[in-house]
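For the single chain, residues carry numbers from 1 onward in sequence order. No hydrogens, no waters, no symmetry mates; every other heavy atom, side chains included, goes into these values.
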Amino acid sequence: MAETDGQAPQQQAQPQMRILGQFIRDVSFENIMAQKGAPQDVQPDVQVQVNLDAKKRTADNQYESAIKLNVTSKAKGGASTLFVLEIDYVGIFQVESVMHPFLLIECPRMIFPFLRRVVSDITRDGGFPPLNLENIDFIAMYRNEIARRQAENPPKADA
């Protein structure tokens, strides 16, 4: 038998979760540089916008968690756009005892590495160096959204 004395207390249990599937719901890649015939030796300035969404599916305990990216690459120092990538990547999860933060933090964290690979492949196949997305801090995104909503709808004082 193993001794348990002196061990750190266990962390609070996370909800039970299974990834049932993941897929690209929508993707659009526009290679504007190729259309306009811009020079190939341009230094890119890449901007990434991230939106998260989660919703219940019709089946019991099944939820969708989506990461929506809008990536725009412009020439540094100029206003000419090189490419635009929009992608909606979805994971389907079976989750017991659902908590709102779990769907918008842990579920996106689970599917993000796959989305990163898809974005890298699309930009490489589009004629650009592969775009390797930085890690996204989903906890900070969630906290910022909660703070934004609270600022929009401040609690009413009792009269």
inquiry  = Tell me every residue that passes ring pair (Phe, Tyr, Trp, His ring centres under 6.0 Å) with F23, counting only those two or more places apart in sequence or in another chain.
reply    =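 F23 satisfies ring pair (Phe, Tyr, Trp, His ring centres under 6.0 Å) with no other residue.
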
Hey, any chance [X] and [Y] share a hydrophobic cluster, counting ILVMFWY side chains that come within less than 4.5 Å of each other, even indirectly?
X: I122; Y: I67; answer: yes
X: I105; Y: L133; answer: yes
X: M33; Y: L131; answer: yes
X: M141; Y: V90; answer: no

Do [X] and [Y] come within less than 4.5 Å of each other through their side chains, counting heavy atoms only?
X: R124; Y: D121; result: yes
X: V84; Y: N70; result: yes
X: F93; Y: M110; result: yes
X: F102; Y: C107; result: yes
X: F138; Y: L104; result: no
X: F114; Y: Q22; result: yes

message = Can you list everything that forms a side-chain contact (heavy atoms from CB on, under 4.5 Å) with L20? Sequence neighbours excluded, please.
response =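 Per chain and number, L20 pairs via side-chain contact (heavy atoms from CB on, under 4.5 Å) with R18, Q62, I92, Q94.
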
message = The criterion is side-chain contact (heavy atoms from CB on, under 4.5 Å); which residues satisfy it with I24, sequence neighbours excluded?
response =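 By the side-chain contact (heavy atoms from CB on, under 4.5 Å) rule, I24 matches V27, I87, Y89, V118.
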
query = Does a salt bridge link E86 with K68, judged by any charged N lying under 4.0 Å from a carboxylate O?
reply =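 Looking at K68 together with E86, the answer is no, because their closest N to O distance does not fall below 4.0 Å.
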
Salt-bridge contact R109-E106 (side-chain N to carboxylate O under 4.0 Å) =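 Yes, R109 and E106 are salt-bridged.
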
query = Looking at CD of Q47 and CD of Q49, how far apart are the two atoms once the value is rounded to the nearest 0.5 Å?
reply =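 That separation rounds to 7.5 Å.
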
request  = To the nearest 0.5 Å, tell me how far S28 OG sits from D88 CG.
outcome  =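 Taking OG in S28 and CG in D88, the distance rounds to 12.0 Å.
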
Nearest heavy-atom pair of [X] and [Y]: which atoms, and what distance?
X: G126; Y: N31; result: O-ND2, 2.6 Å
X: A75; Y: L82; result: N-CG, 3.9 Å
X: V46; Y: S73; result: CG2-OG, 3.9 Å

task = Apply the test salt bridge (Lys or Arg N to Asp or Glu O under 4.0 Å) to residues R149 and E152: give CA-CA distance (whole Å), side-chain angles for both, the deciding distance (0.1 Å), then the verdict.
result = CA-CA 5 Å; R149 288 183 182 190; E152 283 180 359; over 6 Å; no

ask   = What orientation do F83 and F29 show, parallel under 30°, tilted 30 to 60°, or perpendicular over 60°?
value =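 Tilted, since the angle between the ring planes falls between 30° and 60°.
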
query = So H100 and Y142, would you call those rings parallel, tilted or perpendicular, with 30° and 60° as cut-offs?
reply =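 H100 vs Y142 ring planes: tilted.
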
